[in-house]
Amino acid sequence: MKFDDYRISPKIKAELKKLGFNKPTDIQFKAIQPILNGEDVLAIAQTGTGKTAAFVIPILEQLDSKLRKKKVEGISCLVLVPTRELAIQILDVFKTIGKDLNVVCSSIHGGVEQDPQIKQLNKGVDILVATPGRMFDLVSQGHLDMKKLEFLVLDEADHMLDLGFIKDIQDLLKHIPKKRQTLFFSATITKKIKTLAYSLVQNAIRIQISPNNPVAKNIDHAVAFIEMDDKRFFLENVLKEYPESKFVVFVRTKIRAERVMAAMKRVEVSTEFLHGGVEQKERFEILDRFRKGENKVLVTTDVAARGIDIPDVDYVINYDLPDVPENYVHRVGRTGRGNKRGQALAFCSEEEKLFLTEIEEYTGEDIEHYDIPKGEYFDIIADSEDASHNWKKLIREDNDFNGTEEEW
Ligand code: AMP
């Protein structure tokens, strides 16, 4: 099945073509037609599967044909997301795919002044992408008219629960019509998520991208057993072996990230660090440099990277294994985007083996175990450019020095 085979506006098809989207991904194949048919959807799919376009395409299609016939006062579609980055990203997808349509899209989120957002709302918005905090500020000030809402989308619902937005989401129901189409997306499924989902959707079509296996299919997973103190040499080795590739390196804490960056700096590999404390403007700049390939190695933590769409990541390195197996799913979802293949490589130390077992049980994923032969292991350490460990280089320099002395 190709996008050309769908009964959707040629204007949408043209934009999809420009984006290089020819055929739907798994989630798109399963979700687009039911959404066009007016069904509620409950989907377990993580970032990287193409889930954004899976709801953006059918919503744009339906609203465009309706709004062409009759303009509606107030918001027709509300997309709730946990973070401002995700809000901006999703708005961008709506605007890109809906470029030539009759639909006005906007976003509201914290971290910026609210006045320009209110002005935009007053001008009229059909599709609004919002974070719960800012949305409720504006609802309580009477700036949001959702009486005619037709679509409610919750994206990364699990993350919204983690951030404590459950009450906000429940309160929202007081402000929107009962009769609506609800699309619920979550990367992981827990009892809490199920309860929330079933309080929102009605007779929903359930989609799970691969049952018992929440990890996207087009990713190769491998784990190498490396002692904690040796990991930096192996990271250096991989980064230098693939200088043209883009890497996202996950570490457990900010301090670990700083150490990794310092170690890479010593061996002249440039990296950038994305963490929760980075100012909004700087975050965009860091992500932009990474997107453009000006920086190829992004070091980050689980919290800072969640939900961010970073296209064309070739490798996800789990420099530290996550202690929560769900985070493995979120991390590796950064690669193997859309229909591309991605690589996920984990460095597992002796003390992390338990985490590895938990991850394998949770994902049901075959992670290839790579026991590095002893000789190769020590060669990689010996080959490091890190002055204090580069035995070969030190010996070479020593020989050169002696050699030069003799020539004198
Ligand atoms: P998402 O899971 O929505 O964050 O999308 C992940 C990535 O896949 C994004 O960078 C999209 O541009 C890309 N993508 C989405 N749908 C398709 C498709 N049908 N073909 C190729 N790439 C896609």
Side-chain angles (χ1 to χ4, degrees), residues 1-6 8 12-33 35-36 41 43-61 79-99 105 107 127 129 153-160 183-188 207-210 213-219 246 248 287-288 290-293 298 300 305-316 326 329-344:
M1 180 108 175
K2 291 195 167 149
F3 281 120
D4 275 343
D5 304 325
Y6 281 87
I8 51 177
I12 294 182
K13 287 183 183 171
E15 293 309 320
L16 293 176
K17 230 180 220 127
K18 278 193 217 157
L19 286 170
F21 295 7
N22 297 317
K23 59 178 182 28
T25 63
D26 209 5
I27 177 85
Q28 291 162 2
F29 180 70
K30 289 177 178 148
I32 291 176
Q33 197 54 55
I35 300 174
L36 287 172
V41 163
I44 306 301
Q46 55 290 134
T47 314
T49 52
K51 67 180 166 69
T52 315
F55 62 81
V56 166
I57 296 169
I59 289 176
L60 281 174
E61 168 62 23
V79 182
L80 270 189
V81 298
T83 61
R84 52 196 171 191
E85 275 86 8
L86 196 57
I88 292 164
Q89 228 166 264
I90 293 180
L91 176 66
D92 190 46
V93 179
F94 270 113
K95 283 194 164 163
T96 307
I97 300 179
K99 199 173 113 241
C105 312
S107 72
I127 296 176
V129 187
V153 183
L154 279 96
D155 194 20
E156 301 216 349
D158 48 351
H159 195 191
M160 283 200 274
L183 315 174
F184 187 100
F185 289 81
S186 174
T188 52
I207 300 172
Q208 189 153 358
I209 276 318
S210 41
N213 174 7
V215 179
K217 279 194 206 117
N218 51 349
I219 301 175
K246 274 194 199 168
V248 176
L287 282 172
D288 204 41
F290 190 70
R291 280 198 185 98
K292 288 185 188 146
L298 194 66
T300 189
R306 215 139 160 201
I308 294 173
D309 180 28
I310 308 164
D312 299 326
V313 175
D314 303 296
Y315 286 86
V316 166
E326 285 99 309
V329 177
H330 290 295
R331 289 178 178 192
V332 300
R334 318 282 113 192
T335 186
R337 296 271 166 127
N339 289 320
K340 282 192 184 154
R341 256 211 112 62
Q343 314 289 329

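Numbering of ligands and ligand atoms starts at 1, following listing order. No experiment lies behind these values; they were computed from the predicted model shown.
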NZ or CZ of K23 within 45° of F3 ring axis and under 6.0 Å: no
Within-shell test, K23 vs ligand 1, heavy atom, strictly < 4.0 Å: yes
Nearest-0.5 Å distance that lies between atom CD1 in I35 and atom NZ in K30: 13.5 Å
Under 4.0 Å to a heavy atom of T52 - the qualifying atoms of ligand 1, by number: 1 (P), 3 (O), 4 (O)
Subset of ligand 1 atoms that lie under 4.0 Å from at least one heavy atom of F3: 19 (N)
Polar contact flag for G50 and ligand 1 (N/O pairs, less than 3.5 Å): yes
4.5 Å side-chain heavy-atom contact, Y6 and I12: no
Side-chain heavy-atom pair F55, V79 within 4.5 angstrom cut-off: yes
Option with minimal heavy-atom separation from atom 16 (N) of ligand 1, where the choices are K2, Q28, Q89: Q28
Over all atoms of both residues, closest heavy-atom pair of D4 and K13: O-NZ, 2.9 Å
